[in-house]
Amino acid sequence: MGRILAALLGAAVVAGPAAGQTSAVPPPLSRVPADQVPLPPPRPDEAKGPAATDPAVKEPSGKEANPKETGKDAAKDAAKESPAAPAAEPAPLPPERPADLPSGPAPTPATVVPDDTACLRRLERLGVKAEPVAPLADGLCGAAKPLRVTALPDGVALAPAATLTCVAAEALSRWSTEVQVIAERTLGKAAQTFKIGGSYECRGQNHDPSAKLSEHAYANGVDVMGFTFEGRAPVAVGATREGTPEAAFEAAIRARACGFFRTVLGPGSDAAHANHLHLDERERQAGHRLCQ
Ligand SMILES: [Zn+2]
């Protein structure tokens with residue numbers, strides 16, 4: 001029986017291509033749009049293009065299956081398989097991913113532990129004063145490896161200290177070195193202190209409980225209210241008068257922040273940011289930044 005079945009199956013397989021020539025799948029597929037769509041000329045051309053190049057395309061990807069086949073056999077197989085292959089390959093992938101998501105507990109910022117080894121080393125090289133503090137976990141808010149940052153490069157103090165992820169602390173530190181250059185150029189003095197309005201805080205954006213969680217909720221954002229200088233009046237963000245060195249300083253450091261943070265908001269962005277620069281490292285699709 002097995003032999004007969006095998007023989008029958010073999011016959012069926014052999015008959016497949018012969019029958020396929022009359023009821024070949026690709027031609028009907030390529031003809032359907034030609035009959036239905038008012039733009040038939042370009043579509044058949046496109047449909048024929050891939051079919052003609054299928055053997056070439058197939059060789060690199062399908063070699064393991066047909067290493068010894070001749071060009072003609074490969075062309076036949078390509079004609080048979082090309083309609084099914086594209087549909088079969090992507091199909092299994094999507095179902096697997098959704099299945100994984102609900103199976104385990106949803107990761108929270110407190111459970112996603114970043115490898116900060118290199119980042120911490122860079123902070124040390126920069127001369128940043130920061131020490132690890134206990135993991136933060138408050139519902140969906142939190143951070144697995146927060147730092148308490150008390151001073152930036154060149155001894156610039158944070159007042160008060162900020163609780164930040166290493167990534168955010170490094171961005172703040174690197175930006176601060178640019179702030180110092182701009183301060184010396186526009187104001188003639190380097191800053192002594194960065195006034196911090198807030199860092200880690202479990203809240204929605206703009207303090208709106210119904211809004212998406214702010215990056216502050218992940219210790220990934222910081223609000224800079226202003227700067228103090230030795231022998232010079234402090235500069236408050238949003239309080240500088242147009243045409244003054246202070247305004248030039250504020251505009252320049254804000255523009256520079258866009259090179260270090262993925263989000264930069266401040267006076268003019270909206271009412272909630274009228275008196276400070278909000279800087280965070282929110283990750284967005286395709287690396288998009290929000291720089292206002
Ligand atoms: Zn903020």
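Just so it is clear, the values below take in all heavy atoms, side chains as well, and ignore hydrogens, waters and symmetry mates. Just so you know, ligand 1 is whichever comes first in the structure, and atom 1 is the first atom listed for that ligand.
Angle subtended at the Zn ion (ligand 1) by His278 ND1 and Asp223 OD1: 100°, rounded to 10 degrees.
Restricting His216 to its N, O or S atoms, the one at the least distance from the Zn ion (ligand 1) is NE2.
His273 lies apart from the Zn ion (ligand 1) in this respect, since none of its N, O or S atoms is found at a distance under 2.8 Å. Among the atoms of His276, no N, O or S atom falls under 2.8 Å of the Zn ion (ligand 1).
For Phe249 and Phe227, the ring centers sit closer than 6.0 Å to each other.
Atom CZ of Phe194 is separated from atom CH2 of Trp175 by 5.5 Å, given to the nearest 0.5 angstrom.
The side-chain hydrogen bond (donor to acceptor under 3.5 Å, both in side chains) check on Arg289 picks up nothing, with sequence neighbours excluded.
A disulfide bond (SG atoms under 2.5 Å apart) check over residues 205-292, counting only residues at least two apart or in different chains, returns the pairs Cys258-Cys291.
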